[in-house]
Amino acid sequence: MPTMTIAKALNEGLRAVLDGDPATLLMGEDIGELGGVYRVTEGLKRDFGALRVVDTPLGESGIIGTAIGLALRGYRPVCEIQFDGFVFPGFNQITTQLAKLRTRSDGMLSAPVVIRIPYGGGIGSIEHHSESPEALFAHTAGLRIITPSNPQDAYWMIQQAVTSQDPVIVFEPKRRYWLKGEVDTSTPVSDPFSAHTLRAGTDATVVAYGPLVPVALAAANAAEADGRSIEVIDLRSISPIDFDTVTASVLRTGRLVVAHEAPTFGGIGGEIAARISERAFLSLEAPVIRVGGFHMPYPVARVEEHYLPDIDRILEALDRAFAY
Amino acid sequence: MPTMTIAKALNEGLRAVLDGDPATLLMGEDIGELGGVYRVTEGLKRDFGALRVVDTPLGESGIIGTAIGLALRGYRPVCEIQFDGFVFPGFNQITTQLAKLRTRSDGMLSAPVVIRIPYGGGIGSIEHHSESPEALFAHTAGLRIITPSNPQDAYWMIQQAVTSQDPVIVFEPKRRYWLKGEVDTSTPVSDPFSAHTLRAGTDATVVAYGPLVPVALAAANAAEADGRSIEVIDLRSISPIDFDTVTASVLRTGRLVVAHEAPTFGGIGGEIAARISERAFLSLEAPVIRVGGFHMPYPVARVEEHYLPDIDRILEALDRAFAY
Amino acid sequence: MNGSRLPTAEFEAEDVARGPDVDEAGSSGTDDADTLHILSEQGELGSTLTARVGGEVVDFSPYVRADDAEHLRSLYSDMYLIRRFDQESTALQRQGQLALWVPLTGQEGAQIGSGRALQPQDYAFPTYREHGVALTRGVEPADLLRLFRGVTNGGWDPREHNFHLYTLVLAAQCLHAVGYAMGLQRDQLADPSLPPAASIAYFGDGASSEGDVHESMVFAASFKAPVVFFCQNNQWAISVPSTVQTRVPLAQRAAGYGFPGIRVDGNDVVAVEAVTRWALEHARSGEGPVLIEAYTYRMSAHTTADDPTKYRLSEDERQWRARDPLLRLDTHLRSTGQADDAFFEDLDARARAMTTGLREAVLSMRVPDLEDRFASVYADPHPLVQEELAFFREYQAGFADDGQVS
Amino acid sequence: MNGSRLPTAEFEAEDVARGPDVDEAGSSGTDDADTLHILSEQGELGSTLTARVGGEVVDFSPYVRADDAEHLRSLYSDMYLIRRFDQESTALQRQGQLALWVPLTGQEGAQIGSGRALQPQDYAFPTYREHGVALTRGVEPADLLRLFRGVTNGGWDPREHNFHLYTLVLAAQCLHAVGYAMGLQRDQLADPSLPPAASIAYFGDGASSEGDVHESMVFAASFKAPVVFFCQNNQWAISVPSTVQTRVPLAQRAAGYGFPGIRVDGNDVVAVEAVTRWALEHARSGEGPVLIEAYTYRMSAHTTADDPTKYRLSEDERQWRARDPLLRLDTHLRSTGQADDAFFEDLDARARAMTTGLREAVLSMRVPDLEDRFASVYADPHPLVQEELAFFREYQAGFADDGQVS
Ligand SMILES: Cc1ncc(C[n+]2csc(CCOP(=O)(O)OP(=O)(O)O)c2C)c(N)n1
Ligand SMILES: Cc1ncc(C[n+]2csc(CCOP(=O)(O)OP(=O)(O)O)c2C)c(N)n1
Ligand SMILES: [Mg+2]
Ligand SMILES: [Mg+2]
């Protein structure tokens, strides 16, 4: 099995869909000649040409809106948004058009557009380059949202996103683009809309996704040293959420910590906490504890390490859960 | 004390701020000559002129963006978005510019822009005219979000929004525009960012806001007939949320139902459920039950009555809470 | 009421508040060499079939079909039928059978003229007012009422008619039309035997201010997409006159993107058809996009919920009645003997036939269950939707037991 | 790799994929009567001080300050100083002292020329590259580095300099500039004794495609707002050439909104200053907005994180070095005897003085606490922020006890 980074796995996954389905095309800012600011589309314009790897004019609404039109004509556009903080000019097309097309047409039409968004912090960058806006999309029905945390998932989930009949937003954990791992290119990973239990445990469950998955695993290892057995679930899909897997875990462990980089207030952790509190009410030994960003715009680079949930923040949350 | 509708109370409130502060101005689509599609600004252009009640070109990003510029020059713009579903072209300016200006400038600048959005369903209208997108704004730090449910609050809260040094989004419950009530125009209501307990009770708490407040009260009355004493809280402010008031109530009643029209998944009810579950964990007799819209685009008019949370849906939720 | 900072009503700065100094070429805006007009208000065919597009004079005569009596009668028929349909729909709304209606009266010339210029393989993206275009695309008129009856957000199968669903978020459909045109381009390259095709994006003078219209034009120009932008400048965006959106003819926008823009007398169905045929051919042949501004007038209210007396003069309305697109073709057909009383009587009968069943059709429209709505959110199974549907069914069943709700 | 539907690389349709058939007037775009250029690449002052704006020929001679040696030297000084600052900042980034740097090299003519045309009461809205304009507004150069040091998103008090903070979301600031101009308009009406003022919105060729630029122009034209749109067409939006954004000069966009648009040789500081002075006067005097396209070239990378060899030819870069805005004024000043070696030596000394302390200034920039950030989210007290701040303090204190974290 080849070893590759997440960025390379996405690149290979995109290459596979371009190769396999002539209806697919990539579009975005600087994805052609340059190969994207993160080089995720490197070499693809060279190999598939400017009609299938399209450097668009600079307008996010234009990218999403024309992708919808292309999808109506039978194409399968995969749009790149350059950074999380720059998706908002395209928010209207995503929320009022892309998400609703199927319902609007009583199921007659669909626009299986894929939107790739590098997201999250920890890269020491400037404003608008470190955000986690996933909750702003999850609330809107009609969209699916996934986020791979490792090369294997990246390679397959991007392909599964393109195959889905529904529009899918793929949030790519940008600070993990260089994370390496083995990729089995012959056997697809299971349903991209399901959660994966990465580590079994008996005393508490930690749910994380995207960039925080390695952090959650590290925290679980650290807790083990203190004699606590922590189950770690990689959510993988933010809409829908695989509540069955999470509930089953919490029914066993009785404690849940949910971690994400996005601000806690109004974040997707609230949805998980609310639903698991309902589903596992009688089994919960402690309230669901959320670990997330603070209620502030993502802070400047020099202080982001104090903002981002890290191992200690997750351990502290576990402490609080065990205090009950 | 005069009796007036919510629409009229807003009109009078806006008149008062235009009268009191020459830096205020209203801007939006069709708010001048026509007085707004809901006539909330009726007569104001006549009395204050076209420089202070501005019919803008048709662009929501333009409205919010120029309002920010006006605010930088010391003005206090109050923008009207014609319907909930049409705020999205302005989402970028609200989320990346308006909300962040203060932080971006390390507190040196502020843009105390007010954005009025008629929201919610129940008016038998067509697509995009019945939505409740408040959660999509609540997640973003830097904004404040309030929603009056009665004429008294409407009259004062709109004025308090204009006075606030922070940007405030006022979600106006459009199907209650014609709801009448007494307005005490001499004594301001208390802090617009606090919740009001409208009805005391001992067995369970129901939290609602905006258009569902009368529904929650009616449900509480119906439950009383069954011998259940329900406390009803009008949240009033969605960001910040007055968790102190809600927590204090739940610590007494032990049960909480949260109702909003917005879809449950990813809605603000999740935040309330999560936080109250944490704050009142040991006092909760049942999980927090949420009543909200389903995970679908707001449905067509002929079925909306089955979609919108009504008295029965709240009673059913209370039943579930009491079943524990 | 007067402050130190801002002037009040008495101290009005007309210029800032936008006064009458709009640089529009004439109030009708149809009197210059940049505007194509063929059939006059008096019902006479003009002899100049040219207009300036950008710097050049374009000869539209190859696209004018004014010498084909049969064709002119059919244009008139379409305009007449859709106006009658519009009146009937307005009546249905007044009777409470529709939640709302969006009348097109006054815009029949722009809509029938452009719609009839389309070929079957072309694809139209309407706003919410293009009932006339819908007619030319073979959409069943009653189906247009489903949306306003509140039983669907769609109403027809766009793929059957190459006529997209109505889009209510202003300007959003312009980008879809450009993307669709980009798809047509690619199809054509992959299979040159396909008939050349274009898409057409309808939008209004109000919508022209939205950022999405700009991005559509930027993308269309950049990719030389085969798309025609068709702006019906009916002079009003609800209560706001088009002079608030622009001080110059909207057609001039196109030059800024490097493609042709032309204003046409929108109440002249002959000219509209010609200019649209020209534009579509331009687009289909790989020359890139075109912007058409059809200068017309919304003779009725914005919607049945609107009251135009609040914001416009009845004098204006009166003046525009004389420019009615139907009237002038009627005059032309009669005065040239191309249509006789029998034609008009027959047409009236057809209109009656078309509108007769309408009320019943509306009354018999199936009201969906909320359950149906759960089915169309996603194509693939979705656990949350399934869970909520299960809850809803159980909840509804509870009432059935109680006998409270059906 | 070849499918039935879409052509692959071998079967490339240059036209669709956007080929070389761009209708730009010459590749330098500065050789026609629609472009103002005064100081040639050879350092010679031209004698035609006119250019066509829309249909009319405008005489810019009242706005040209080429006969004032002192003034020309000061323009040169500003360009020289900011280039040296730019080089020093790039070096600081390479040394790891800045997270990123956005070089302006090549754009000094456009920035110093336009910045120097501003009067104190005017207000500028920059993108993230306007270091030259910042210099003319009296912003302390070191303050420009704070953002890139990662210690703030701002760095200076905009109100002190009438120079807004950098805005990273492309085109967003254009609307702010229009709104600000609407405020200036109102102030002026309320107090006519105020000096007339305008705002200026900077944006790039890439940003010009964003919907916000369109809405700014629509609003500005509608309200006749005193705003100058200043587009630096440096021919690249990261890796995408400006020909992808437009096939015709961007200056032509203005006519579509009914206000003047003009292209100026952006590497000609004399012409840029003249045209900007003219435009600001136009705006300040109530005539409404103006669009200026300064045709220039980004001589360096997009940012220090960028590698332009991936997407552009070194031959192009070489050609544009000959058009360097500093070079031509240098030649002019020397050849006309308006500056001697002493001037250049003195300037060099000033540049050294300005950049000397820079490294230390950067190193000594106070790194904020996360605690500081809690304070600037809202103006008024906010319970959630207070609660989270309390948590954070307690959490941090926990580590202090453990001795783990300061
Ligand atoms: C993005 C958006 N903003 C606001 C509205 C509300 N609205 C519906 S129609 C209309 C006026 C549109 O005017 P115009 O584009 O000229 O089209 P017309 O109705 O005249 O055909 C407005 C403001 C909307 N539908 N979408
Ligand atoms: C809305 C938005 N989309 C994307 C980006 C990412 N981005 C930053 S600079 C840039 C290119 C801008 O080009 P241009 O406007 O020509 O300005 P220049 O950098 O050449 O000065 C891009 C795509 C952004 N900052 N904002
Ligand atoms: Mg209109
Ligand atoms: Mg550029």
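Just so we're on the same page: letters track the sequence lines, and every chain starts at 1.
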TODO: Test D372(D) against V303(A) for side chain to side chain contact (heavy atoms under 4.5 Å, CB included), laying out the working first.
DONE: CA-CA 10 Å; D372(D) 302 334; V303(A) 301; over 6 Å; no
Any side-chain heavy atom of [X] sitting closer than 4.5 Å to one from [Y]?
X	Y	value
E60(A)	E210(D)	yes
H128(A)	V169(D)	yes
N153(D)	I126(A)	no
E127(A)	L147(D)	no
D312(A)	F399(D)	yes
F294(A)	V377(D)	no
F392(D)	H306(A)	yes
D55(A)	V244(D)	no

Tell me the closest heavy-atom pair linking [X] and [Y], and the distance in Å.
X	Y	answer
G124(A)	A99(D)	O-CB, 3.4 Å
S239(D)	D30(A)	OG-OD1, 2.7 Å
E388(D)	G293(A)	OE2-O, 4.5 Å
A237(D)	L58(A)	CB-CD1, 3.9 Å

TODO: Could you verify whether a donor N or O on one side chain and an acceptor N or O on the other, from H295(A) and Y378(D), lie under 3.5 Å apart?
DONE: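 Per modelled atom types, H295(A) and Y378(D) side chains form a pair under 3.5 Å.
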Heavy-atom proximity to chain A below 4.5 Å, by part of [X]:
X	value
H382(D)	side chain
L389(D)	neither
D369(D)	backbone
L100(D)	side chain
Y395(D)	side chain
V151(D)	both
A207(D)	backbone
V367(D)	side chain

- [ ] Evaluate the criterion side chain to side chain contact (heavy atoms under 4.5 Å, CB included) for residue pair V240(D) and E33(A); output intermediate values, then yes/no.
- [x] CA-CA 8 Å; V240(D) 178; E33(A) 224 53 63; over 6 Å; no
Task: Steps toward side chain to side chain contact (heavy atoms under 4.5 Å, CB included) verdict (V300(A), R149(D)) - done: CA-CA 9 Å; V300(A) 293; R149(D) 176 80 173 162; over 6 Å; no
Task: E42(A) and K310(D) ion-paired at < 4.0 Å - done: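 Counted as a salt bridge, because a side-chain N and a carboxylate O are separated by less than 4.0 Å.
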Task: Side chain R302(A), main chain P368(D), donor-acceptor under 3.5 Å - done: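 Such a contact is absent between R302(A) side chain and P368(D) backbone.
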Under 4.5 Å from a heavy atom of chain D, the part of [X] involved:
X	value
E316(A)	side chain
F86(A)	side chain
V37(A)	side chain

Task: Greater than 12 external heavy atoms within 6.0 Å of E394(D)'s CD - done: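 Counting other residues, nucleotides and ligands, CD of E394(D) stays at 12 neighbours or fewer.
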- [ ] Nearest 0.5 Å please: distance from the CZ atom of F265(A) over to the CG atom of L384(D).
- [x]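 Output value for this atom pair is 6.0 Å.
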Task: Best-contacting candidate, T152(D), D205(D), D307(D), against chain A by heavy atom pairs under 4.5 angstrom - done: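 Among the listed options, the one with the most contacts to chain A is T152(D).
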